[in-house]
Chemist: 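Submitted below is the structure of interest, expressed as structure tokens.
All residue numbers refer to positions in the sequence shown, counting from 1. Predicted model only: the values in this text are computed from it and were never measured.
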Amino acid sequence: MADRYLNFTGTAPGRFLTRRLGLPQPAPLHRRTEEHPAFEGQLLHFTAGASPYRKELSELLARTGLQVRGSLSGRAAGPKDLVGVVVDATAVTGPDTLAEVHAALHPVVRSLAASGRVLVLGAPPSADDHHQAAAQQGLEGFVRSLGKEIGRGRTVNLVRIAGPVAAAETTLRFLLSPRSAYVSGQVIEVGAIDSELVLPDDWERPLAGRTALVTGAARGIGEAVAEALVRDGARVVLLDVPSAEGDVAKVAERLGGRALPLDITADDAGERIAEFTSGPDGPELDVLVHNAGITRDRRLANMDAARWSSVLDVNLGSVLRTTDTLLKAGAIRRGGSIVTTASIAGIAGNTGQTNYAASKAGIIGLTRSLAPRARTEHGVTVNAVAPGFIETKMTAAVPLVIREAGRRMNSLGQGGLPVDVAETTAWLACAGSGAVNGQVVRVCGQSLLGA
Ligand code: NAD
């Protein structure tokens, strides 16, 4: 559904009126297009404290295709070309070095282009050094506050480096690209990898050679996820309920994928998926995206058992059952990825959604608990995307006032698009993201809810 307010604020009278009335002024977000798949321009790289990563990081950043510089001074081009600032704060161990983060960003933050990126790199807060822990935790408050004030579609995120910096390349590239337009205020940990790091040969097709199954792929976010995975080189299997067989077949035809009409709550759903995705030489599935989900909203006092159990079964029970079956059967190949779909409702709670929020909070519990074991035992990562307000049929049905509140109550002042969730899923689904495990990444424009 069109966001008329966003369109209006893009016009001269709209800008004038909203400024005079002190109303939110959301900026149109710069998303990836075929003509402009990446940002073009300059990236500032600062270091706070004595980081061991300085050289390796500047080489990594140079591979993004951006022009990496150490300062603003002497720039030939205008400020519009400054598309990103990276501050390596991994060596920040106390208030003194934390002040270097302020010193680095304070003079340049105004020069950052609309839809530009601020990326702070930190280290996990230490359990043994409370000075380091204080400073590293301080970065979280810093990033979340800057995200709220920076405006103009610019995003601010914190990546905690808990393993080799090379293992963070897919994550840094994602967060420094137009693909992460609606991801802001996030703290993402990138850990160690226990096998060889597999980086894509072609960064425009990082999923080449992988097979992905997306549940709930007939429309909405699931359809967008399938589309992004195909664009990034994956073969896809699109699963949806038998009553949506016609729709899912159309999407499959358009994307050159295969349709699997199946109710994910069926007792044998896991076995059916394993069978459908195995080839002559064994399992062929690399990526499993649990996207199918439903809402049956009522306040608890009016919610009958059927509303409760249908939501819990589609959104959580089926995810637990099929994941267990597929992992036990070895139906997801080593190096694979599972991406689950939570929601900010599962983090913040929502009136009329005790069932939905319980199911989505359950997804977060599942993801964090299973991730380390899935990696050790099956060589598979498990991460969650947690969408905020995304413009879909589901949110178009929300009453106008609540819909407007949902759209505006985030740092970017607008709803996200299905493609924003899809881009995040595609980053988590590639083999090079193997060091990202057990993370819950909100795709919510830094929603004020549950922040
Ligand atoms: P949607 O209703 O447009 O699409 C959901 C798809 O899942 C449909 O095609 C539906 O047929 C399918 N599905 C439902 N039950 C199924 C079952 N038993 N077996 C197989 N397929 C089934 O929803 P959407 O807005 O695209 O949401 C996708 C996911 O994102 C859901 O998990 C939802 O909870 C989550 N989410 C959405 C938003 C949002 O703002 N739209 C916000 C947070 C989370």
Chemist: With a 4.5 Å cut-off on side-chain heavy atoms, are V443 and Q186 touching?
Modeler: no
Chemist: Testing the basics here: between E169 and W203, what is the closest heavy-atom pair and its distance to 0.1 Å?
Modeler: OE2-CZ2, 3.5 Å
Chemist: Give the intermediate values and the outcome of side chain to side chain contact (heavy atoms under 4.5 Å, CB included) for residues L146 and V109.
Modeler: CA-CA 10 Å; L146 185 57; V109 74; 4.1 Å; yes
Chemist: Whether the Q132 and D129 side chains hold a donor-acceptor pair (N or O, under 3.5 Å, no angle test) is what I'd like checked.
Modeler: no
Chemist: When rounded to the nearest 0.5 angstrom, what is the spacing between CG in L238 and CG in D247?
Modeler: 12.0 Å
Chemist: Is a salt bridge present between K250 and E253, judged by a nitrogen-to-oxygen distance below 4.0 Å?
Modeler: no
Chemist: Can R32 and E34 be counted as an ion pair, charged N to O under 4.0 angstrom?
Modeler: yes
Chemist: Rounded to the nearest 0.5 Å, what separates atom CZ in F142 from atom CG in L158?
Modeler: 10.5 Å
Chemist: Let's go through L175 and S180 carefully: what are the C-alpha distance in whole Å and the side-chain angles of both, what is the deciding distance for side chain to side chain contact (heavy atoms under 4.5 Å, CB included) to 0.1 Å, and is it a yes or a no?
Modeler: CA-CA 5 Å; L175 291 171; S180 58; 4.2 Å; yes
Chemist: So among V339, T367, I338, which one has a side-chain contact (heavy atoms from CB on, under 4.5 Å) with H290?
Modeler: I338
Chemist: If every non-hydrogen atom of R442 is compared with every non-hydrogen atom of L449, which pair is closest and at what distance?
Modeler: NH2-O, 3.1 Å
Chemist: Taking the six-membered ring for Trp, are F39 and H30 parallel (under 30°), tilted (30 to 60°) or perpendicular (over 60°)?
Modeler: perpendicular
Chemist: Check whether the side chains of S195 and R334 place a donor and an acceptor atom closer than 3.5 Å, and report yes or no.
Modeler: no
Chemist: Mind listing the closest non-hydrogen atom pair of T277 and I273 along with its distance?
Modeler: OG1-O, 2.7 Å
Chemist: Regarding E391 and R403, does a basic nitrogen lie under 4.0 Å from an acidic carboxylate oxygen?
Modeler: no
Chemist: With V190, which of T170, N437, V165, V159 fulfils side-chain contact (heavy atoms from CB on, under 4.5 Å)?
Modeler: V159
Chemist: Measuring from atom CD of Q67 to atom CD of E40, what distance do you get when rounded to the nearest 0.5 angstrom?
Modeler: 10.0 Å
Chemist: Checking P124 now: which residues fulfil side chain to side chain contact (heavy atoms under 4.5 Å, CB included) with it, not counting sequence neighbours?
Modeler: A162, E189
Chemist: Name all residues meeting the ring pair (Phe, Tyr, Trp, His ring centres under 6.0 Å) criterion together with Y356; count only those two or more places apart in sequence or in a different chain, and write none if there are none.
Modeler: none
Chemist: Side chains of R173 and T64 only: does a donor on one sit below 3.5 Å from an acceptor on the other?
Modeler: no
Chemist: A374: what forms a side chain to side chain contact (heavy atoms under 4.5 Å, CB included) with it, not counting sequence neighbours?
Modeler: L327, L370, V382
Chemist: Is R63 salt-bridged to E59, going by a charged N under 4.0 Å from an acidic O?
Modeler: no
Chemist: Can you check whether S177 reaches R117 side chain to side chain, under 4.5 Å on heavy atoms?
Modeler: no
Chemist: Decide side chain to side chain contact (heavy atoms under 4.5 Å, CB included) for I390 and T395; before the verdict, give the C-alpha distance in whole Å, the side-chain angles of both, and the deciding distance to 0.1 Å.
Modeler: CA-CA 7 Å; I390 305 294; T395 47; 5.6 Å; no
Chemist: Counting only heavy atoms from other residues, nucleotides and ligands, does the tally under 6.0 Å from CG of D201 exceed 12?
Modeler: no
Chemist: So how far is it from T47 OG1 to D88 CG, rounded to the nearest 0.5 Å?
Modeler: 5.0 Å
Chemist: Hey, are D81 and R69 close enough for a salt bridge, meaning a charged N less than 4.0 Å from a carboxylate O?
Modeler: no
Chemist: Identify whether the distance between the nearest side-chain nitrogen and carboxylate oxygen of R254 and E227 falls below 4.0 Å.
Modeler: yes
Chemist: For F389 and S447, what are the C-alpha separation, side-chain angles and deciding distance, and is it a side chain to side chain contact (heavy atoms under 4.5 Å, CB included)?
Modeler: CA-CA 8 Å; F389 184 99; S447 167; over 6 Å; no
